[in-house]
Asker: 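Here it is, the structure in full.
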Number of protein chains: 2
Amino acid sequence: MDQDELLTEALRLAIDPPGGVSVDALRELTRDDDAGQWDIATTAAHLGVNPHTLRYYERIGLVSVDRDTAGHRRYNAPAVRRLVFLTRMRTSGMPISDLLRYVGLVEGGGATVPERLEMLLEHRDTLRSQIAQLQLALAATEFKLATYKEAPRP
Amino acid sequence: MDQDELLTEALRLAIDPPGGVSVDALRELTRDDDAGQWDIATTAAHLGVNPHTLRYYERIGLVSVDRDTAGHRRYNAPAVRRLVFLTRMRTSGMPISDLLRYVGLVEGGGATVPERLEMLLEHRDTLRSQIAQLQLALAATEFKLATYKEAPRP
DNA sequence: GGTTGCATTGGAGCGCACTCACAGCCCTAG
DNA sequence: CTAGGGCTGTGAGTGCGCTCCAATGCAACC
């Protein structure tokens, strides 16, 4: 795998998680700019979250969402992409407060890129140690299972 | 690595986590049966939790803890071992309610071993998918970092 | 036109897992 | 002898992240 392939793979992983929005779905969303909008139920389903959660995210300022003539939310491609990122960060344990800070930085323009980078680096480290912790817990669990199988003593 | 070595390694992982109680500390605890007891502060420090949390765990029935003549808690080796297990399960995401069920089963005797096994197997699967999720999030984060490094666009 | 159904809003409520406050007891040091 | 500090039990409080409620409104189908 060369660099390009690695990046492609990472991108696929980044935006095509199991249980998350699929690349095809995103493509469908952007097919034509006019109809390329999802209502809250569709968006929530694609993201695997509760519609309430999407309203909550909007309320606290994590995303801004357009309205149709009836005042109903219409999620366009950029909003969905942001939500994909946000939900991914959330499910990997980044607190909402950090996400608020991050989107604040994004809104703040290019000058905030270093700070965003720092946040991402920090999160990467957090993820790595989380994974290590879980792998330890997994080993412990498997050991416990092994002891049960050999000689059942609690 | 043969079977024995694997088990030894797993055991080491199981009871010697980074930031958790160490094998040496446990050994120290069991050195002589008489002094082999920890007070709540020592125990909490070794487990890396708040003393309040230990009282809480006792209150809800996760462990039973002896008292000294002054009525202060004394954690003996079995109690510490159970707490090591419990905190490990907790930090790997098993809810308290499940832990309560598990210790209930342990109290219930050998007949509950199959059910305990089932719980552990389920937890193992949960851990595996958690790890997979986190690895995806890690890949996504690293991809984002890569995009920032090449052409800073949010 | 009426009913059904999903949407809207702000605010309240919930579940989890702690975490702390309070009043009182006990031991030790000075 | 007394002051300090850590422990005790119990109840209440906290923070997070949703999740639901109530009242209302539009929209599409029968």
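Note that the structure is a prediction, hence the values are computed from the model and not measured. Throughout, a chain's letter reflects where its sequence line sits, starting with A, and its residues are numbered from 1.
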Asker: Determine the contact category for Pro95(B): base if any of its heavy atoms lies under 4.0 Å from a base atom, sugar-phosphate if only primed atoms, P, OP1 or OP2 are that close, otherwise nothing.
Answerer: sugar-phosphate
Asker: Establish whether Trp38(A) and Leu86(A) are linked, either directly or via other cluster members, by ILVMFWY side-chain heavy-atom contacts under 4.5 Å.
Answerer: yes
Asker: Show, in sequence, the C-alpha distance, side-chain angles and deciding distance for Asp39(B) and Thr42(B), and conclude whether the side chain to side chain donor-acceptor pair (under 3.5 Å) test is met.
Answerer: CA-CA 5 Å; Asp39(B) 64 17; Thr42(B) 311; 2.5 Å; yes
Asker: Which nucleotide in the list dC7(D), dG9(D), dC18(D) gets nearest to the side chain of Thr53(A)?
Answerer: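 Of the candidates, dC18(D) comes closest.
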Asker: Do Phe85(A) and Tyr102(A) have ring centroids that are under 6.0 Å from one another?
Answerer: yes
Asker: What is the distance from CZ of Arg74(B) to C1' of dC7(D), rounded to the nearest Å?
Answerer: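 Taking CZ of Arg74(B) and C1' of dC7(D), I get 11 Å after rounding.
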Asker: Short of 4.0 Å, heavy atom to strand atom, which residues of residues 54-64 of chain B count as contacting DNA chain D?
Answerer: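 Those residues whose heavy atoms fall under 4.0 Å from DNA chain D, taken from residues 54-64 of chain B in numerical order, are Arg55(B), Arg59(B).
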Asker: Answer yes or no: is there an ion pair linking Arg82(A) with Glu107(A), defined by an N-O contact shorter than 4.0 Å?
Answerer: yes
Asker: Which comes earlier along DNA chain D counting from the 5' end, the contact point of Ala41(B) or that of His52(B), where each point is its nearest nucleotide?
Answerer: Ala41(B)
Asker: In whole Å, I'd like the distance from the NE2 atom of His72(A) to the C1' atom of dC26(D).
Answerer: 6 Å
Asker: Take the protein atom CG of Asn50(B) and the nucleotide atom C1' of dT14(D), then report the distance between them rounded to whole Å.
Answerer: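 Rounded to the whole Å, the gap is 13 Å.
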Asker: Along DNA chain C, 5' to 3', what are the outermost nucleotides having an atom less than 4.0 Å from a heavy atom of chain B?
Answerer: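 Range of nucleotides within reach of chain B: dA17(C) to dC26(C).
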Asker: Could you pick out which residue, Ile96(A) or Pro51(B), lies toward the 5' side of DNA chain D when each is mapped onto its nearest nucleotide?
Answerer: Pro51(B)
Asker: Do Leu99(A) and Met94(A) make a side-chain contact, defined as non-hydrogen atoms from C-beta onward lying under 4.5 Å apart?
Answerer: yes
Asker: Strictly below 4.0 Å, N to O, side chains only: are Arg116(B) and Glu122(B) in salt-bridge contact?
Answerer: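 Looking at Glu122(B) together with Arg116(B), the answer is no, because their closest N to O distance does not fall below 4.0 Å.
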Asker: Mind checking whether Tyr75(A) and Asp66(A) have side chains closer than 4.5 Å, heavy atoms only?
Answerer: no
